[in-house]
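First the structure, in the form of structure tokens, and then the observations on it.
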Amino acid sequence: QVHLVESGGGLVQAGGSLRLSCAASGMIISINTMGWYRQAPGKQRELVAGISSGGSTNYADSVKGRFTISRDNAKNTVYLQMNTLKPEDTAVYYCNVRGLYERLSKSFDSWGQGTQVTVSS
């Protein structure tokens, strides 16, 4: 099994910054992609940012230029630096990690527990 633990959420005023972290643990052989999703009340979960094993990134249009995703392969950790936060960024943020685990190289698709980000106006 692969488990993800998130940290870094909280309450911040509009225009402020937060950095989310997500650490993966378990019998991991390799990690392919890591990403961040968010879900606001009454809305479906959406992709915020993703990063591949090669370092390629993609972002939702709503966060381009404000958010930056990065990863530390040695620590099996993904980060999301969120700057110039807006009230519409308020949501529960979930990290997602996909890759291979165990000796038989089984695939996994794991989700973090979610961390609340609240941006006040």
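Quick caveat: nothing in here was measured; it's all calculated off a predicted structure. In this chain, residues are counted from 1 in sequence order.
Contact annotation: the side chain of Arg38 never approaches that of Thr90 to less than 4.5 Å [non-hydrogen atoms, C-beta and beyond]. Considering only heavy atoms from C-beta on, Arg71 comes within 4.5 Å of Ser53 through its side chain. Residues Asn58 and Leu47 form a side-chain contact, since some pair of their non-hydrogen atoms from C-beta on lies under 4.5 Å apart. For the pair His3 and Val5, the minimum side-chain heavy-atom distance is 4.5 Å or more. The shortest side-chain heavy-atom distance between Val2 and Val97 does not fall under the 4.5 Å cut-off. The shortest distance between side-chain heavy atoms of Glu6 and Trp36 falls below 4.5 Å. The side-chain heavy atoms of Ile31 and Asn73, taken from C-beta on, include no pair separated by under 4.5 Å. Proximity of Phe108 to Asn32: side-chain heavy atoms (C-beta onward) are nowhere separated by under 4.5 Å.
A continuous path of ILVMFWY side-chain contacts below 4.5 Å connects Trp111 to Val92, so both sit in one hydrophobic cluster. Residues Val78 and Tyr94 do not share a hydrophobic cluster, clusters being chains of Ile/Leu/Val/Met/Phe/Trp/Tyr side chains in contact below 4.5 Å. Hydrophobic clustering keeps Leu100 apart from Met34 (ILVMFWY residues linked when any side-chain heavy atoms are closer than 4.5 Å, directly or through intermediates). A chain of hydrophobic side-chain contacts below 4.5 Å, direct or via other Ile, Leu, Val, Met, Phe, Trp or Tyr residues, connects Val63 to Val119.
Ile51 contributes atom CD1, which lies 11.5 Å from atom OH of Tyr79 (distance to the nearest 0.5 angstrom). Going from atom CE of Met82 over to atom CZ of Arg19 covers 11.0 Å, rounded to the nearest 0.5 Å. With rounding to the nearest 0.5 Å, the separation of OG in Ser107 from CZ in Arg98 is 10.0 Å. Taken from CG in Leu80 to OG1 in Thr115, the straight-line distance is 11.0 Å, to the nearest 0.5 Å. The distance from the CG atom of Asp109 to the OG1 atom of Thr33 is 7.5 Å, given to the nearest 0.5 Å. The structure places OG of Ser21 at 9.5 Å from CD of Gln81, a figure rounded to the nearest 0.5 Å.
Across all their heavy atoms, Leu4 and Ala24 have their closest contact at CD2-CB, 3.3 Å. Residue Gly35 comes nearest to Ile69 through the heavy atom pair CA-CD1, 4.1 Å, listed as atom of the first residue, atom of the second, then distance.
Checking Glu46, Gln44, Arg45 one by one against Tyr37, the side-chain contact (heavy atoms from CB on, under 4.5 Å) holds for a single residue, Arg45.
Although no hydrogens or angles enter the test, the distance criterion places no donor-acceptor pair under 3.5 Å between the side chain of Asn96 and the main chain of Gly112.
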Which pairs of donor and acceptor atoms, one on a side chain in residues 8-16, lie under 3.5 Å apart (sequence neighbours left out)?
none

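Between Lys86 and Asp89, no side-chain nitrogen of the basic residue sits less than 4.0 Å from a carboxylate oxygen of the acidic one, so the salt-bridge criterion is not met.
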